[in-house]
Amino acid sequence: QRPILRLLSCPGTVAEDLRRNEQPSGSVETGFEDKTPRKRFSEMQNERREQAQRTVLIRCPEKISENKFLKYLSQHGPINNHFFYESFGLYAVVEFCRKESVGSLQNGTRTPSMAMETAIPFRSRFLSLKLKNQTSEQSCIQSSDQLPPSNRKLVELLCYAESIDDQLNTLLKEFQLTEENTKLRYLTCSLIEDIAAAYFPDCVVRPFGSSVNTFGKLGCDLDMFLDLDETRNLSTHKTSGNFLTEFQVKNVPSERIATQKILSVIGECLDHFGPGCVGVQKILNARCPLVRFSHQASGFQCDLTTNNRIALTSSELLYIYGTLDSRVRALVFGIRCWARAHSLTSSIPGAWITNFSLTMMVIFFLQRRSPPILPTLDSLKTLADAEDKCIIEGNNCTFVRDLNRIKPSGNTETLELLLKEFFEYFGNFAFNKNSINIRQGREQNKPDSSPLYIQNPFETSLNISKNVSQSQLQKFVDLAQESAWILQQKDTDRLSVSSHQPWGLAAILLPSVPNRRSVTNKKRKRSANESIKNLLESLKSNRTANFTETNEK
Ligand code: CTP
Ligand code: MG
């Protein structure tokens, strides 16, 4: 169902990519020096939402002159920003400086008339641009990439890196959401909001999850939250006199039923009238009811929920953790990619560990360092002021929202050390008796017999990894031990291996083979040299090619 985004730009050489990845010193590379005030999550969300409201999505002809295109659209007002991308055709995202320009453009736009089919009239901000006469234009469009590099290219890039720290930062830069992709995510939410507004005029559709929590990887799903609080709380101004008025409404027995009814009509609406919304599924009996669909033009797989404010709050918490110290994101991306490469995570729901759980494990591990790299949630709560106080459905979700009030960590450990120690730590963690808890930053006794217990930070009686089976957990532990061992072998570092052989992070991203597994199990009996010889032999075989073919979400 998911469209594959074809990229317009020519595939670059590794050397070009390396140049592209060079950073000026003192930039995001280490994070310690970054003194710029950092935006609150709500500020960032509001700014991006307002930008998205001034933006249109335009399906363009294959060949188009960028200058003429911009000149044509500028008739409606100045353009602030634009970019093109490919997804089964060429699309443009155009952000006007003023919101009125969108209305002006819509006023000059017609509903298509078709010979064989009938168009259901719907005035959205998703338009098609047609050429009046069929003379084709010269194409000179630079298109923005919406997907990460292929695994073959990633392995090459990693092999050319200078150190494991450099490898993790390279991986982060290649996989993180680009500015354009983030804009496209907010725009997609904004387009869906317009459709939902047909029923609920004051609703807000907000992105949450990995699209906004700083841990999103190019190609990740788009989680959306239909926020009806504005509709509920609009008329709060007091009137004088001895009367008050209330809306006549329909009542249902529970919040869950209300959620199901709302999502059901929105699902129908997206299915029948939503331009570009395909494969709409209403999954209303899930613990958290949702509508899943593909937004064809952006290529995003979307999950729309409502009454899910806690998930938005946990996205805000992760945003804070991801922004506090740049090592956090680099490590999380490395671990997520490692887990995906070994099929520990999957895009299909099941007994697998999720990316959300892995992120919690990394945060917990970083809270356990000495000195800690990340503060506990309880300590973020003690830094909160009156404005931060927040209770959702009886759960205390209070924590400091202003990043600038959190003291940076004095810990200067390298990413290389942290990666090794992460595998070491969880390769030996007492999962049978302890739970992971980022609120206190301490292991606690497991309250039930789930193989993996990670306490939900806000709904503290819930386990976010309740779905994980014993065998999946065991697979995680085995692979963590194996990776810790591979990273400890000094011989795998790039000095002793020619640069085009996978080493460091690239070596642990390669699929595990029985050969290598048995190497791990017998590790104490074998000399390191002999093991490395084995490893390199297996790497020389066609496994790099296999990895390239199989390892993508
Ligand atoms: N969430 C939660 N409890 C869970 C699962 C999810 O609170 N058991 C919330 C988290 O805030 C999570 C969001 O729902 O970030 C979206 O879930 P999901 O899409 O599964 O995870 P992402 O963090 O978005 O990661 P991915 O890139 O895999 O989509
Ligand atoms: Mg998600």
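Indexing begins at 1, ligand by ligand and atom by atom, following the structure's order. No hydrogens, no waters, no symmetry mates; every other heavy atom, side chains included, goes into these values.
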Trainee: Is a salt bridge present between Arg327 and Glu413, judged by a nitrogen-to-oxygen distance below 4.0 Å?
Mentor: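 So Arg327 does not pair with Glu413 through a salt bridge.
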
Trainee: Taking the side chain as C-beta and beyond, is there a heavy-atom pair between Glu316 and Arg40 under 4.5 Å?
Mentor: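 No. Closest side-chain heavy atoms not under 4.5 Å.
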
Trainee: Determine, step by step, whether Phe41 and Leu403 satisfy the side-chain contact (heavy atoms from CB on, under 4.5 Å) criterion, reporting the C-alpha distance in whole Å, the side-chain angles of both residues, the deciding distance to 0.1 Å, and the verdict.
Mentor: CA-CA 9 Å; Phe41 182 75; Leu403 283 148; over 6 Å; no

Trainee: Using heavy atoms and a threshold below 4.0 Å, how should the contact between Arg336 and ligand 1 be classified: side chain, backbone, both, or neither?
Mentor: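 For Arg336, only side-chain atoms sit under 4.0 Å from ligand 1.
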
Trainee: With no hydrogens and no angle check, do the side chains of Asn46 and Glu50 hold a donor and an acceptor under 3.5 Å apart?
Mentor: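 Side-chain D/A pair, Asn46 to Glu50: absent.
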
Trainee: Can Arg401 be said to sit on top of Phe399's aromatic six-ring, NZ or CZ under 6.0 Å from centre and within 45° of the ring axis?
Mentor: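 So Arg401 does make the cation-pi contact.
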
Trainee: With atoms numbered from 1 as shown, which atoms in ligand 1 lie under 4.0 angstrom from a non-hydrogen atom of Cys220?
Mentor: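 Reading through ligand 1 atom by atom, the close ones are 27 (O).
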
Trainee: Of the choices Thr345, Asn463, Asn213, Asp223, which has the non-hydrogen atom that lies closest to atom 19 (O) of ligand 1?
Mentor: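 Nearest option to atom 19 (O) of ligand 1, by heavy atoms: Asp223.
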
Trainee: If I only include protein atoms of type N, O or S, how many are less than 2.8 Å from the Mg ion (ligand 2)?
Mentor: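 Every protein N, O or S atom under 2.8 Å from the Mg ion (ligand 2) counted, the figure is 2.
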
Trainee: Less than 3.5 Å between some nitrogen or oxygen of Asp221 and one of ligand 1, yes or no?
Mentor: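 By distance alone, the answer is yes.
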
Trainee: Quick one, Phe429 with Phe426, criterion ring-ring contact (aromatic ring centres under 6.0 Å, His included). Give me CA distance, side-chain angles, the key distance, then yes/no.
Mentor: CA-CA 5 Å; Phe429 191 85; Phe426 283 113; 5.6 Å; yes

Trainee: Going by side chain to side chain donor-acceptor pair (under 3.5 Å), Ser190 matches just one of Arg125, Arg49, Arg185. Which one?
Mentor: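 Answer to the side chain to side chain donor-acceptor pair (under 3.5 Å) test with Ser190 among Arg125, Arg49, Arg185: Arg125.
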
Trainee: Does Ser210 approach ligand 1 within less than 4.0 angstrom via side chain, backbone, both or neither, non-hydrogen atoms only?
Mentor: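 Both the backbone and the side chain of Ser210 come within reach of ligand 1.
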
Trainee: Do Thr376 and Ser379 have a side chain donor and acceptor closer than 3.5 Å?
Mentor: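 Yes - a donor-acceptor pair under 3.5 Å links their side chains.
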
Trainee: With atoms numbered from 1 as shown, which atoms in ligand 1 lie under 4.0 angstrom from a non-hydrogen atom of Ser315?
Mentor: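 Selected atoms, number and element: 11 (O).
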
Trainee: Scan for salt bridge (Lys or Arg N to Asp or Glu O under 4.0 Å) pairs involving residues 259-276, sequence neighbours excluded, and state none if there are none.
Mentor: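 Pairs touching residues 259-276 that pass the test: Glu268-Lys282.
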
Trainee: Heavy atoms only: which of Ser346, Cys288, Ala311, Gly209 lies closest to atom 15 (O) of ligand 1?
Mentor: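 It is Gly209 that holds the nearest heavy atom.
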
Trainee: Is there a heavy atom of Thr354 sitting under 4.0 angstrom from any atom of ligand 1?
Mentor: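 Contact absent.
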
Trainee: Salt-bridge test for Lys420 and Glu424: reply yes if a basic N is under 4.0 Å from a carboxylate O, no otherwise.
Mentor: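 No salt bridge links Lys420 with Glu424.
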
Trainee: So between Phe215, Phe225, Phe356, whose heavy atom ends up nearest atom 21 (O) of ligand 1?
Mentor: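 Comparing heavy atoms across Phe215, Phe225, Phe356, the nearest one to atom 21 (O) of ligand 1 lies in Phe356.
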
Trainee: With distance as the sole criterion, is a donor-acceptor pair present between the side chains of Gln146 and Asn181 under 3.5 Å?
Mentor: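 Gln146 vs Asn181: donor-acceptor pair found between side chains.
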
Trainee: Please identify which atoms of ligand 1 are closer than 4.0 Å to at least one heavy atom of Phe208.
Mentor: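 Answer for ligand 1: 13 (C), 14 (O), 16 (C).
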
